[in-house]
Structures are given as structure tokens and as C-alpha cells.
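Here the structure is laid out as C-alpha cells; the discussion comes afterwards.
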Amino acid sequence: MGRVLFVVTNHSELGSTGQKTGYYLSEVAHPFHVLHEAGYEIDFVSPKGGKAPMDPKSYKLDDPINRAFWETHGKRLDETLAPEQVDPSRYVAIFYAGGHGTMWDFPESEAIARIAASIYERGGAIGAVCHGPSGLIPIKLSNGRPLVEGRRINSFTNEEEQAVQLDKVVPFLLETRLKELGAIHVSVKNFAAHVEVDDRIVTGQNPASAEGVGRALVEVLNRLSVPA
């Protein structure tokens, strides 16, 4: 069916709180499960390569999909690809997994942004969930315009950030930054599942949206013809 590139964070410190963060397990495991079941091969990349830390608050193995992923594929996140090891032409889609750690390193990764732009401009798809859309911020297309400009985009909202009392901890508010770039930010009530699809861009609001993003991404890929 093709290959999908999953992007995960290398960042493990939650600002100056002394708490740990990283990627959010279900936001990797649930989309992975959906895409893997649909026949896609998946590789992992991070801004620096190597180990991608998991947010300890997301280590919930009572969720059977989380458990199956962790037991079968979890070790792969200790040795993610570095951007320079990635050939964008091998992938039909790129997916940005969430977790608060992404807010520190995804927006700074010009290298992954170039990979994403290449995949998209070859006719591929881009997906992201929760804080994962922070990775969309640096993506510029060959015409110089931001990827998100004029697009319906979803992400963890300002209200949700305030509800978890991290609005003063994260380096910026994601919803606000996306709007500043010209995105049409579409959201629903706090922590409800919501997925937004705009052509070949699929975004989800929060952890509850992770499986839905995976399913929507599969639907988008089913109607695409991306050169291998």
C-alpha cells in the first residue's frame, strides 16, 4: 500500500516545571494501528533522530491498542531516523504525532518541514493530531506560502491548554499561532473527538481524535495516486 512517515518529538522537559513530557502514546499507537491494519508500512523520524521520549502520563496499557503497540513496536521509538536519513520520495504520507514535547522541537525543525512539503507537493497527504500540528508551522510550499494558509486545520485548542493548566508553560498557544499563519482553525468543545479534512491535510483536536485521524488519513490515501 505504501509507506507513511511518523514524526515524533525528542523533547522531554515540560518547560521549567521539572516534569517530563514527550510524545503521547495513544496519539502514536492508535493511528499506527489503523494504518498498519490498512496495509501501510510505517517508519519513525524525529527532529534529532535517536530516542523519542514518551510522556509518562500517557503510559496507559489498560488500552489494548496502546499495549499491543508498546509491546510490539515500542523499541522502535528508541532509534528513530534522523531527517537526513529520510528519502521523501518513499512516502505517500507524513503524520505528526502529538504530545506536549512537540511544542518545543517540531516548529524548529526546518528539515522535517522540507520533507513534509516534498511529500505533499508530490501528491501525498499530511496528518497531525493534538499538538502534532505544531509541525505544520514551519512548512512552506514551493510558492513560499505557509501550508496552513487558508486551510481548515484542527489542533489542541487554547481552551484545552488552559483547562490542563499548561497555557503558561508551553512556548506559545498552538491555536493562536496557526491562526496567525492564516489557518482556518475549526474546533469543538474541550476534549471531544474531532477530525478536520481539507483536501490532503488531516488534523485532529486532541487524544480522543487520534484513531479518527488515522481512519481519515486512510480514506484520503485511498483516493490518491502518489508516485512510488
Side-chain angles (χ1 to χ4, degrees), residues 4-11 22-24 27-28 31 35 43-48 52 80 83 86 88 91-158 160-161 170-188 194-207 209-210 212-214 216-217 220-221 224 226:
V4 177
L5 185 65
F6 270 44
V7 189
V8 286
T9 181
N10 295 118
H11 190 85
Y23 68 84
Y24 204 83
E27 295 173 15
V28 177
L35 285 153
D43 295 327
F44 293 95
V45 66
S46 60
K48 295 179 181 177
T80 65
V86 172
Y91 299 96
V92 296
I94 184 169
F95 171 76
Y96 289 87
H100 272 93
T102 67
M103 294 288 284
W104 279 267
D105 61 355
F106 278 14
E108 306 302 320
S109 182
E110 298 290 342
I112 295 182
R114 288 191 293 271
I115 291 168
S118 176
I119 292 169
Y120 185 75
E121 293 197 312
R122 289 179 66 250
I126 294 178
V129 67
C130 199
H131 290 89
S134 63
L136 308 184
I137 290 169
I139 302 175
K140 291 186 177 178
L141 302 178
S142 55
N143 61 8
R145 311 300 296 183
L147 171 77
V148 300
E149 186 178 55
R151 297 292 193 177
R152 298 190 315 277
I153 300 294
N154 196 270
S155 74
F156 205 64
T157 67
N158 292 354
E160 287 172 322
E161 206 70 82
V170 291
F172 58 90
L173 291 174
L174 182 52
E175 175 184 344
T176 297
R177 182 66 60 85
L178 290 166
K179 287 177 177 177
E180 289 170 350
L181 290 170
I184 303 164
H185 196 275
V186 183
S187 60
V188 296
H194 182 66
V195 175
E196 199 67 33
V197 180
D198 190 321
D199 188 28
R200 291 176 285 121
I201 303 172
V202 180
T203 47
Q205 185 166 319
N206 46 40
S209 312
V213 170
L217 193 54
V220 169
L221 290 172
L224 297 184
V226 185

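Residue indices begin at 1 and follow the sequence shown.
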When you compare the side chain of [Y] with that of [X], does any pair of heavy atoms fall below 4.5 Å?
X: Ser209; Y: Cys130; value: no
X: Pro47; Y: Ile112; value: yes
X: Val86; Y: Tyr91; value: yes
X: Leu178; Y: Ser155; value: yes
X: Ser46; Y: Tyr23; value: no

Is it true that a side-chain atom of [X] and a backbone atom of [Y] form a donor plus acceptor pair closer than 3.5 Å?
X: Glu149; Y: Gly182; value: no
X: Arg200; Y: Ile126; value: no
X: Glu121; Y: Ser142; value: yes
X: Glu196; Y: Asn154; value: no
X: Ser118; Y: Ile115; value: no
X: Thr9; Y: Gly101; value: yes

**Report entry** Verdict with supporting geometry, His194 and Ser187, side-chain hydrogen bond (donor to acceptor under 3.5 Å, both in side chains)
**Finding:** CA-CA 7 Å; His194 182 66; Ser187 60; over 6 Å; no
Where is the tightest heavy-atom contact between [X] and [Y], given as atom of each residue plus distance?
X: Val28; Y: Ala97; result: CG2-CB, 3.6 Å
X: Ser109; Y: Pro138; result: O-CG, 4.2 Å
X: Val4; Y: Leu35; result: CG2-CD2, 4.3 Å
X: Gly132; Y: Thr102; result: N-OG1, 4.2 Å
X: Ala52; Y: Val8; result: CB-CG2, 3.6 Å
X: Ile119; Y: Ala125; result: CG2-O, 4.1 Å

Which distance, rounded to the nearest 0.5 Å, do you find between the [atom1] of [X] and the [atom2] of [Y]?
X: Asn206; Y: Glu160; atom1: CG; atom2: CD; answer: 5.0 Å
X: Leu136; Y: Arg177; atom1: CG; atom2: CZ; answer: 13.0 Å
X: Ile201; Y: Ile139; atom1: CD1; atom2: CD1; answer: 8.0 Å
X: Tyr96; Y: Thr203; atom1: OH; atom2: OG1; answer: 13.0 Å
X: Phe95; Y: Leu217; atom1: CZ; atom2: CG; answer: 8.0 Å
X: His185; Y: Leu174; atom1: NE2; atom2: CG; answer: 6.0 Å

Query - Criterion side-chain contact (heavy atoms from CB on, under 4.5 Å) on Val195 and Val202, from CA distance to verdict - result: CA-CA 7 Å; Val195 175; Val202 180; 3.9 Å; yes
Requested in this report: Say whether His100 and Glu161, considering side chains only, have a donor N or O and an acceptor N or O under 3.5 Å apart.
Outcome: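 Checked: His100/Glu161 side chains pair up, N/O donor to acceptor below 3.5 Å.
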Query raised in the report: Mind checking whether His131 and Phe156 have parallel, tilted or perpendicular rings, split at 30° and 60°?
Result: tilted
Query - Listed once per pair and sorted, the salt bridge (charged side-chain N to carboxylate O under 4.0 Å, His left out) pairs that draw on residues 100-120, sequence neighbours left out - result: none
